[in-house]
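What follows is a set of notes on a single structure, which appears directly below.
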Amino acid sequence: MSVRNGRQFISIPGPTTVPDEVLAAMHRPPIDIRTGELVEITDGLLQDLRNLCQTTGFPNIYIANGHGAWEAALSNVLSRDDKVLVLESGSFAAGWGQAGATIGLDVEVLPGSYQKAVDPAAVEARLKADVSKDIKAVLVVQVDTASSVVNDIPAIRKAIDNAGHDALFMVDTIASLGTMPYKMDDWGVDVTVAACQKGLMMSPGLSFTISNRKAKEKHTHANLRTAYWDWTARDGEEHYHKYAGTPPVHHLFGLQKAFEMINDEKLENVILRHHLLASATRAAVSKWCEGGVLSFNIPDPSQRSNSVTTVLVNDEKALNEILNYCDEKCGVVVGIGIAALSGKALRIAHMGHINAPMLLGTLGAIEMSLQALNIPHGKGGVQAAIEYLAQNVSV
Ligand SMILES: *Cc1c(COP(=O)(O)O)cnc(C)c1O
């Protein structure tokens, strides 16, 4: 028997739920790609991207997933054999670094941990030791989607400044943009990488780089540039140049609607909603942890992200049973642990197009699985989430 009929819910950290309004906006015939409405849509999207990242910088829209934007960012500002420093805090910054190594960069990883945020003091010490200024860029993620840690971007900027280092500061916001504050200009980020299918609620396929003047200046000397990713080529006169070919017409319709929804709700309210739903999730998980089988992957509460919560499960059989039960019996797909946490964790995503019933439904299904499978856990996790929300969402 099962109670899974109805709409399946994906609680995975990307792609996330696409709103019906966004799907509907994509359901129309293509239009002219040279003049008129589509050109205006592109201009609007570029401005929306600046607003989301709080910058006056230079955005680009790529027909690619996040891995494409990673390569775009690196190839536009760096040259063969340049050294880059990757700040580890899970799997994604390392993945970005590996992509860089394959295109000819000399990648050094500043060792970190899956259990905690990047330590700004370690960044400062490493950069101070680089007296010959070999390091050309520092790469970090704002939220690591595997560990669910949040890194303190302004503190890392300060560490770079304290070391008196002029490396480019490059930040991956793929799992954080639209879920927490991000201030590219105030925080002194030189290149931002983002993608559409997580906090931004769009069907996968678009990703973004945003650069500032310093990055643009480095771009003029970079020799890893290629025809397709190249910012300068994409600055050409024709609308067509912005996409290095045919624009992704329907994706642009969808993204326009997703940004309209964010603007209607207002970014600060979107961020507050994420904070509330993430805190409710943590209230539930805290209870479950009392059973000794589940635990937070990130022990320090101040380092837990508002987009995803990684929960360690110290029994792989129980973990698989929870995931299967939620999917097969309840119709909720919960995220699996990835990279070093493969077979060791589950991930509850709470980003993008999500509200209290969607989140409470997921938490309810997980708690139901714990009970049905006799997995030791503190009772009342969902109740704790409800209490948190009732106390913090005022009438
Ligand atoms: C999802 C994700 C990526 C990879 O994005 P793809 O679209 O899957 O290529 C990179 N960085 C972070 C932080 C992510 O969450």
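Just follow the structure's listing: the first ligand is 1, and inside any ligand the first atom is 1. Sequential numbering from 1 along the given sequence is applied to the chain's residues. These figures come from a predicted structure and were not determined experimentally.
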What protein heavy atom is closest to [atom], reported as residue, atom name and distance in Å?
atom	value
atom 11 (N) of ligand 1	D172 OD2, 2.7 Å
atom 6 (P) of ligand 1	G66 N, 3.3 Å
atom 15 (O) of ligand 1	T145 OG1, 2.3 Å
atom 8 (O) of ligand 1	H67 ND1, 3.9 Å

Proximal ligand 1 atoms for Q197, defined as those under 4.0 Å from one of its heavy atoms: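 What qualifies from ligand 1 is 6 (P), 7 (O).
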
Mark up the atoms of ligand 1 that fall under 4.0 Å of a heavy atom belonging to A175, in ascending order.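 Per the distance check, 15 (O).
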
Connected via hydrophobic side-chain network under 4.5 Å: V149 and I156: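 Looking at the clustering, I156 is in a separate group from V149.
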
Report yes or no: does V143 have a heavy atom closer than 4.0 Å to ligand 1?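 V143 counts as a contact of ligand 1 under the 4.0 Å cut-off.
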
If the contact criterion is a heavy-atom separation under 4.0 Å, does K198 count as touching ligand 1?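 K198: in contact with ligand 1 (<4.0 Å).
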
Have a look at ligand 1 and work out which part of W70, if any, has a heavy atom under 4.0 Å from it: side chain, backbone, both or neither.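 It is the side chain that gets close, since no backbone atom is under 4.0 Å.
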
Taking heavy atoms and a distance under 4.0 Å, where does N65 meet ligand 1: side chain, backbone, both or neither?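 Under 4.0 Å from ligand 1, N65 contributes backbone and side-chain atoms.
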
Under 3.5 Å, side chain of R225 to main-chain N/O of H219, donor-acceptor pair present?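 Side chain of R225 to backbone of H219: a pair is present.
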
Between the side chain of S148 and the main-chain N/O of T310, is any donor-acceptor distance below 3.5 Å?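 Such a contact is found between S148 side chain and T310 backbone.
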
Ion pair D166/K214, N-O distance below 4.0 Å: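 The answer is no: the pair does not qualify as a salt bridge.
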
Result of checking K128, R157, E124 against N162 for side-chain hydrogen bond (donor to acceptor under 3.5 Å, both in side chains):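 Of the listed options, the one satisfying the test is E124.
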
Does the pair V138 and L127 meet the rule for a side-chain contact (heavy atoms from CB on, under 4.5 Å), with working shown? CA-CA 10 Å; V138 174; L127 292 177; 4.2 Å; yes

Examine K158 relative to F169 and say whether NZ or CZ is less than 6.0 Å from the centre of the six-membered ring and inside a 45° cone about the ring axis.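 Here K158 fails the 6.0 Å and 45° test against F169.
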
